[in-house]
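Heads up, the thing below is written out as structure tokens.
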Amino acid sequence: MTALRTTEGFSFTITASDRRTGARTGILTTPHGEVATPCFMPVATQATVKAMTPDEVADLGYRMVLANAYHLWLRPGVEVISAAGGLHHFMGWDGAILTDSGGYQVMSLGKDVKITPEGASFRSHLDGSKIFLSPEDSMRIQSALGADIAMALDECLPYPAERGRLQRSLDLNLDWARRCLAAHDNPRQALFGIVQGGSSADLRASSAARMAELDFPGYGLGGLSVGEPRELTLEMIELSLAELPQDKPRYLMGVGDLLGLAESVARGVDLFDSVLPTRIARNSSALVASGRMNLRNAAYREDPRPVDETCGCYACRSFSRAYLRHLVMAKEILGFHLLTVHNLFQLEKLTRDLRAAVASQSVGALLDSLAAREVE
RNA sequence: GGAGCCGUGGUGUAGCCUGGUUUAACACACUGGCCUGUCAAGCCAGAGAUCGCGGGUUCGAAUCCCGUCGGCUCCG
């Protein structure tokens, strides 16, 4: 195996740890700048954080976003992005980019999916044509896109999944991970492996332990937050992290609610992504400590208060719930934009608060106050 | 004065001719829920009209007949 063991311009340094929880802070150095962890990555599936300009995303404090290899491969095509000088240049984002391999799409798009040892064959969600994605394909695509961090192609199973299925998937994922390492040839790109195992404790631990042996520069925790209860998610995180090296970044894939993120940080997770903040914004909901606020509700028709009086975002500083409700009821784009701004602000602020709490050894207190907060 | 057309939930309509698959359908609006490595400015669900009104025919009428009220159009 000729795997790249070092990546130019990439490193991860832990700067502090909370003594009473597993939380830690770090600096993730990438070819496109440093990223303070714990960090949330807004999702830019189609090379755009929906409803936001790159400047707005950066102004909120974000230094890294997630894009999707599968979607960009199908449209506009890798050639287009290569010709434009790579994904960063194409989308006008000079911060770091992590690309997802397409493994999740195989599950979520789910039409005529056939997983073989060679790869995944399924139908394009755009035109129904049959397509095939192998670990090597995903590496080639992500390398061409030029992401700072690429993810190994994995098989992500829905919840609940049969044990036998999970077991077979575990071996397949190990094999695919090795092939991704072997195929990965972009020296300016780090490649993360992905721990699977569903919600089965021993399979989860086994997947983590065997992935750890492959010595990736970072690890994703995949197949979580796909419908299983929160306690189970947290248990799987603990089991996985126990098997992974302390000094490598750990990335929990797909968690974007405030409490869930904070509880995961307390267990040692460094990176997150989720469509939740941006998607629910476009579906009229604001992220609040206690969960979500649906601005379509009639209760806010004449409510002069901001979404959250303690929030410093542009939307909360400038507009009432009544106005936001009016905008989303009228399906005005501005309403969805403002809610996206608020939701991304909340997540970035939470990670900032968590970083400060690690430095001051007060992660537990922050968690307690977050759980106790009710915005109504 | 005469003739014709129309009157169905909040709004706009379908059903009427060829009564019974109508516990009256659809769209929008309204109310609520959902969304977590984005096929998602989306999806799901709910409330809401006994069909202008009265009478008749019929086993059965939103549907047929008569009358009446209201609106519109045309002719005088």
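Per chain, numbering begins at 1; letters A, B, ... match sequence-line order.
Relative to the side chain of A/Asp273, the nucleotides B/G37, B/A40, B/C39 differ in distance, and B/G37 lies closest. Among the nucleotides B/C39, B/G32, B/C35, the one closest to the side chain of A/Leu276 is B/C35. Picking from B/G37, B/C39, B/A41 the nucleotide with the shortest atom distance to the side chain of A/Cys156 gives B/G37.
Between the CZ atom of A/Arg296 and the P atom of B/C28 there is a distance of 14 Å, rounded to whole Å. When the P atom of B/G37 is taken as reference, atom CG of A/Leu157 falls 16 Å away, rounded to whole Å. If you take CG of A/Leu72 and P of B/C39, they are 12 Å apart, rounded to a whole angstrom. As a whole-Å value, the separation of A/Met329 CE from B/G10 C1' is 14 Å. Atoms CG (A/Asn297) and P (B/C34) sit 10 Å apart, rounded to a whole Å. As a whole-Å value, the separation of A/Arg75 CZ from B/C39 C1' is 9 Å. Rounding to whole angstrom units, CE of residue A/Met293 and C1' of B/G32 are separated by 16 Å. Here B/A40 presents its C1' atom at 13 Å from NZ of A/Lys331, a figure rounded to the nearest Å.
One finds no salt bridge joining A/Arg325 and A/Asp303 here, because no Lys/Arg side-chain nitrogen approaches an Asp/Glu carboxylate oxygen to under 4.0 Å.
Here A/Lys349 pairs with A/Asp353 under the side chain to side chain donor-acceptor pair (under 3.5 Å) rule; sequence neighbours left out. Remark: A/Tyr159 pairs with no residue by the ring pair (Phe, Tyr, Trp, His ring centres under 6.0 Å) rule, at least two apart or across chains. Partners of A/Arg282 according to the salt bridge (Lys or Arg N to Asp or Glu O under 4.0 Å) rule, which considers only residues two or more places apart in sequence or in another chain, do not exist here. Qualifying ring pair (Phe, Tyr, Trp, His ring centres under 6.0 Å) partners for A/His337, counting only residues two or more places apart in sequence or in other chains: none.
Between A/Gln105 and the phosphate of B/G37, there is no side-chain N or O to OP1/OP2 separation shorter than 4.0 Å. Side-chain N/O atoms of A/Arg279 include none lying less than 4.0 angstrom from OP1 or OP2 on B/G42. In this model, the phosphate group of B/U38 is not approached by any side-chain N or O of A/Ser274 to a distance below 4.0 Å at OP1 or OP2. Distances shown here put a side-chain N or O of A/Asn294 below 4.0 Å from the OP1 or OP2 atom of B/G33. Applying the 4.0 Å criterion to OP1 and OP2 of B/C34, one finds that A/Ser285 has every side-chain N and O outside that range. Side-chain N/O atoms of A/Arg325 include one lying less than 4.0 angstrom from OP1 or OP2 on B/U31.
Base contact: A/Ile194 has a heavy atom under 4.0 Å from a base atom. Counting any heavy atom pair closer than 4.0 Å across all strands shown, A/Ser284 reaches no nucleic acid atom.
With C1' as the reference atom, B/C6 and B/A45 are 35 Å apart, rounded to whole Å. Rounded to the nearest Å, the gap between the P atom of B/C65 and that of B/U58 is 16 Å. For the P atoms, the distance linking B/U50 with B/U31 amounts to 22 Å, nearest Å.
A/Thr99 and A/Gln142 share a donor-acceptor pair across their side chains, judged by distance under 3.5 Å alone. Judged by distance alone, the side chains of A/Ser169 and A/Glu155 do bring a donor and an acceptor atom under 3.5 Å apart.
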Can you list the steps and then say if A/Tyr323 with A/Tyr300 is a ring pair (Phe, Tyr, Trp, His ring centres under 6.0 Å)? CA-CA 9 Å; A/Tyr323 181 61; A/Tyr300 307 123; over 10 Å; no
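The stretch residues 138-147 of chain A participates, sequence neighbours left out, in these salt bridge (charged side-chain N to carboxylate O under 4.0 Å, His left out) pairs: A/Asp137-A/Arg140.
At a cut-off of 3.5 angstrom, counting only N and O atoms as typed in the model, there is no donor on one side facing an acceptor on the other between the side-chain of A/Ser108 and the base of B/U38. With hydrogens and angles ignored, no donor-acceptor pair closer than 3.5 Å exists between the side chain of A/Glu155 and the base of B/G37.
With RNA chain B read from its 5' end, the first of the two nearest nucleotides for A/Ala299 and A/Gly256 is the one closest to A/Ala299. Judged by closest nucleotide on RNA chain B, A/Ser101 is the one of A/Arg282 and A/Ser101 placed further toward the 5' end.
Looking at RNA chain B, the stems built from 3 or more consecutive Watson-Crick or G-U wobble pairs, each pair with its key distances under 3.5 Å, are B:1-7 with B:69-75, B:10-13 with B:25-28, B:30-34 with B:42-46, B:52-56 with B:64-68.
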